[in-house]
Amino acid sequence: MSSTLTPAAMNHRRLPNTWDLAAFVAVLGVLAAVAAAARGTVMPIAALGAGTIHLDPRYLPGYALRTTMRMFAALVASLLFTFTYATWAAKSRRAARVLIPILDILQSVPILGFLSFTVAFFLRLFPGNVLGLELAAIFAIFTSQAWNMAFSFYQALTTLPADLEEVSRGFRLTGWQRFWRLEVPFAMPGLVWNTMLSMSGGWFFVVASEAITLGNKTWQLPGVGAYVAKALEQRNIGAVFWAIGAMLLVILAYDQLLFRPLVAWSAKFRVETTAGATAEDPWMLAILRRTALLRRGGEEFGHLVGFVTGLPLRLPSLRRTSERSPTSTMAGDIVFSTIVAAIVAFAGWHTVSFISQTLHWSDLGQAVMLGGITLMRVVVLIALASLVWVPVGIWLGLRPAWARRVQPIAQFLAAFPANLLFPPFVVVIVTFHLNPDIFLTPLMILGTQWYILFNVIAGAAAYPGDLQEVARNFRVGGFLWWRRVIFPGIFPYFVTGALTASGGSWNAAIVSEVASWGHTRLVAHGLGAYIAQATDAGDFHKIVLGVVVMSAFVVTFNRLLWRPLYHYASRRSVLG
């Protein structure tokens with residue numbers, strides 16, 4: 001029997017149905033809730049009094065909505081940053097020499113380091129209005145989301161298969177078409193997983209981002225982070241558990257409604273010639289397919305996106321190095337390096353002048369010594385996390401059904417703020433007289449180890465099914481399979497995950513090296529604690545010194561280890 005639908009049947013399928021009514025009510029409810037919450041962002045700043053945050057659980061839904069809105073606003077900004085900054089770095093050799101070290105520095109600068117200098121700027125944009133504080137909080141969350149997304153996209157662009165590049169040149173795609181039809185689809189699987197991780201990273205630092213301090217004034221924006229901060233301050237265990245429950249529900253909601261469909265959608269961009277392992281579509285996609293109006297709207301939106309990304313718009317193309325003459329390349333490099341060196345020298349001179357106003361060489365020696373202690377913690381924790389999560393990530397990435405089951409759990413664990421573990425850690429350390437330098441260290445890796453897991457899952461999920469089939473046909477197994485088959489395939493993703501985990505660990509040091517529970521405060525020796533204490537004291541000279549020393553450690557460590565591994569991964573990619 002023919003399965004062709006008659007025109008009447010096709011028209012019937014396009015008529016609104018029960019699923020459309022349910023979707024319309026749900027969308028209308030979400031828009032109404034967002035509009036109601038958005039009104040609180042344009043109120044006078046004086047309305048944020050001391051009693052703004054209430055620990056009554058009835059306020060948690062509104063707080064959760066406000067926090068989620070900030071995180072999605074920061075996520076949109078992170079995507080725009082990723083598509084511009086990472087693309088520029090990947091396509092310009094000279095730009096990469098400056099942009100990638102800057103990215104190394106930015107991902108390691110603590111959230112409080114950004115807040116210390118950006119709050120005044122945003123408050124001047126909207127004087128006397130809460131919107132300035134909201135933008136400062138969104139920017140702080142942006143700084144916890146953008147860097148790993150940019151590194152993921154940069155890694156994908158630098159490991160683009162040569163045969164696909166040749167095909168794009170054969171079809172004479174413009175720069176605009178090449179970007180949207182080749183580069184973005186190729187990077188999509190890894191970018192989607194890193195986007196999920198970025199949302200989790202926003203939760204990890206939400207406590208710091210919703211407490212805005214300027215001089216001797218402190219404001220707490222309504223949100224889950226401010227709720228957690230007040231619960232910890234008042235030692236209210238019940239409120240802490242209510243906050244954990246609210247976080248879990250919100251994470252499950254956007255995982256089911258957004259990220260599961262995105263993961264299923266991104267699977268079609270895998271580079272392979274044979275069918276890989278697949279799983280059933282998530283329920284959200286199934287419901288959308290049953291609607292008529294939403295499905296038709298999605299089709300029209302897809303046509304619009306296709307029209308925009310297929311525009312015959314020629315962007316300024318970047319020539320390859322091989323197409324330039326050695327003389328012009330050398331001369332251009334000299335001029336470029338001279339300009340960059342002059343800018344660095346100018347900035348360095350002003351930084352040194354600012355720091356030397358109140359600090360001395362002994363302060364620099366202290367900061368360097370503390371930085372060495374934090375460096376040892378980072379190295380040990382990244383090594384341990386790699387041994388644990390690389391095998392787990394490969395196993396999950398090769399089994400999409402299991403990956404979807406674990407996905408919300410991993411998101412929740414990645415989002416779990418270290419602050420919520422302060423009570424048990426502080427109580428155990430004080431009760432048993434343990435050393436804070438050792439037993440506060442696990443808090444540093446709590447939120448950053450997931451960079452490794454998520455990137456390895458993305459790499460294993462994107463591994464071509466035809467190469468897996470070849471390995472099975474040749475009966476490659478055991479340690480040889482790990483060494484010759486799967487690890488070379490996921491190695492670029494692992495390096496990206498380890499690189500961002502390393503930078504994130506430096507960032508997390510400011511949270512993990514100082515733990516408070518009520519009036520009990522434990523401090524571990526390290527550069528993160530140094531910056532946290534300077535921030536509490538309002539000592540901007542020590543804040544700048546700590547951030548500069550941390551940036552120097554990160555850049556040096558990345559140049560000696562991660563950058564060589566990154567270039568090696570780009571050359572040895574199984575897709576290249």
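On a predicted model such as this, the values are computed, not experimentally measured, just so you know.
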* **Partners passing salt bridge (Lys or Arg N to Asp or Glu O under 4.0 Å) against Arg124 (at least two apart in sequence or in another chain)** => none

* Please identify each residue that fulfils salt bridge (Lys or Arg N to Asp or Glu O under 4.0 Å) with Asp255, with sequence neighbours left out. =>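 In terms of salt bridge (Lys or Arg N to Asp or Glu O under 4.0 Å), with neighbours along the sequence ignored, Asp255 is linked to Arg260.
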
Which heavy atom of [X] sits nearest a heavy atom of [Y], and at what distance?
| X | Y | value |
| --- | --- | --- |
| Ala458 | Pro189 | CB-O, 4.1 Å |
| Phe81 | Ala146 | CD2-CB, 3.9 Å |
| Ala150 | Ala86 | O-CB, 3.4 Å |
| Ser386 | Ile452 | OG-CD1, 3.6 Å |
| Ala239 | Ala231 | CB-CB, 3.7 Å |
| Val228 | Ala243 | CG2-CB, 3.6 Å |

If you define the side chain from C-beta out and look only at heavy atoms, does anything of [X] sit under 4.5 Å from [Y]?
| X | Y | value |
| --- | --- | --- |
| Trp219 | Leu123 | yes |
| Ile102 | Tyr85 | yes |
| Phe354 | Phe540 | yes |
| Tyr254 | Ile251 | yes |
| Leu381 | Ser505 | no |
| Thr67 | Tyr227 | no |
| Ile355 | His541 | no |
| Ile138 | Met71 | no |

* Output, in order, the C-alpha distance, side-chain angles, deciding distance and verdict of side-chain contact (heavy atoms from CB on, under 4.5 Å) for Gln155 and Val495. => CA-CA 9 Å; Gln155 171 258 319; Val495 173; over 6 Å; no

About how many Å separate [atom2] of [Y] and [atom1] of [X], when rounded to the nearest 0.5 Å?
| X | Y | atom1 | atom2 | answer |
| --- | --- | --- | --- | --- |
| Met149 | Leu191 | CE | CG | 5.5 Å |
| Leu499 | Phe557 | CG | CZ | 10.0 Å |
| Leu375 | Ser502 | CG | OG | 8.0 Å |
| Leu434 | Phe425 | CG | CZ | 10.5 Å |
| Asn455 | Thr496 | CG | OG1 | 6.0 Å |
| Trp147 | Phe142 | CH2 | CZ | 4.5 Å |

* To do: Tell me, please, which residues at least two apart from Gln449 pass side-chain contact (heavy atoms from CB on, under 4.5 Å).
  => Ala385, Trp389, Ile445

* Would you please name every residue forming a side-chain contact (heavy atoms from CB on, under 4.5 Å) with Ala246, sequence neighbours left out? =>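 Expected list: Leu60.
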
* To do: Please test Val76 against Phe72 for side-chain contact (heavy atoms from CB on, under 4.5 Å), starting from the C-alpha separation and ending with a verdict.
  => CA-CA 6 Å; Val76 172; Phe72 273 102; 5.7 Å; no

So, [X] side chain and [Y] main chain: donor-acceptor pair closer than 3.5 Å or not?
| X | Y | value |
| --- | --- | --- |
| Asp539 | Lys542 | yes |
| Asp363 | Leu359 | no |
| Lys230 | Ile53 | yes |
| Thr374 | Gly371 | no |
| Gln145 | Leu75 | yes |
| Thr500 | Gly497 | yes |

* Asked: Between Tyr451 and Trp193, does a ring-ring contact (aromatic ring centres under 6.0 Å, His included) hold up when you go through it step by step?
  -> CA-CA 9 Å; Tyr451 290 108; Trp193 280 95; over 10 Å; no

* Asked: Any side-chain donor-acceptor pair under 3.5 Å between Asn148 and Ser198?
  ->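 Yes, Ser198 and Asn148 have a side-chain donor paired with an acceptor closer than 3.5 Å.
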
* Asked: Quick one: are the ring centres of Tyr59 and Trp242 less than 6.0 Å apart?
  -> no

* **Test: Glu210 and Arg66 ion pair at under 4.0 Å** =>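 No.
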
Mind listing the side-chain donor-acceptor pairs of residues 523-530 below 3.5 Å, one per line with the distance, residues two or more places apart or on another chain?
residue : atom : partner : partner atom : Å
His525  : ND1  : Asp437  : OD1          : 3.3
His525  : ND1  : Asp437  : OD2          : 2.9

* To do: Just jot down the ring pair (Phe, Tyr, Trp, His ring centres under 6.0 Å) partners of Phe553, sequence neighbours excluded, or say none.
  => Trp506

* **Candidate pair Leu103 and Phe151, rule side-chain contact (heavy atoms from CB on, under 4.5 Å), full reasoning** => CA-CA 8 Å; Leu103 200 59; Phe151 270 121; 3.7 Å; yes

* **Parallel, tilted or perpendicular: rings of Phe122 and Phe139 (30°, 60°)** => tilted

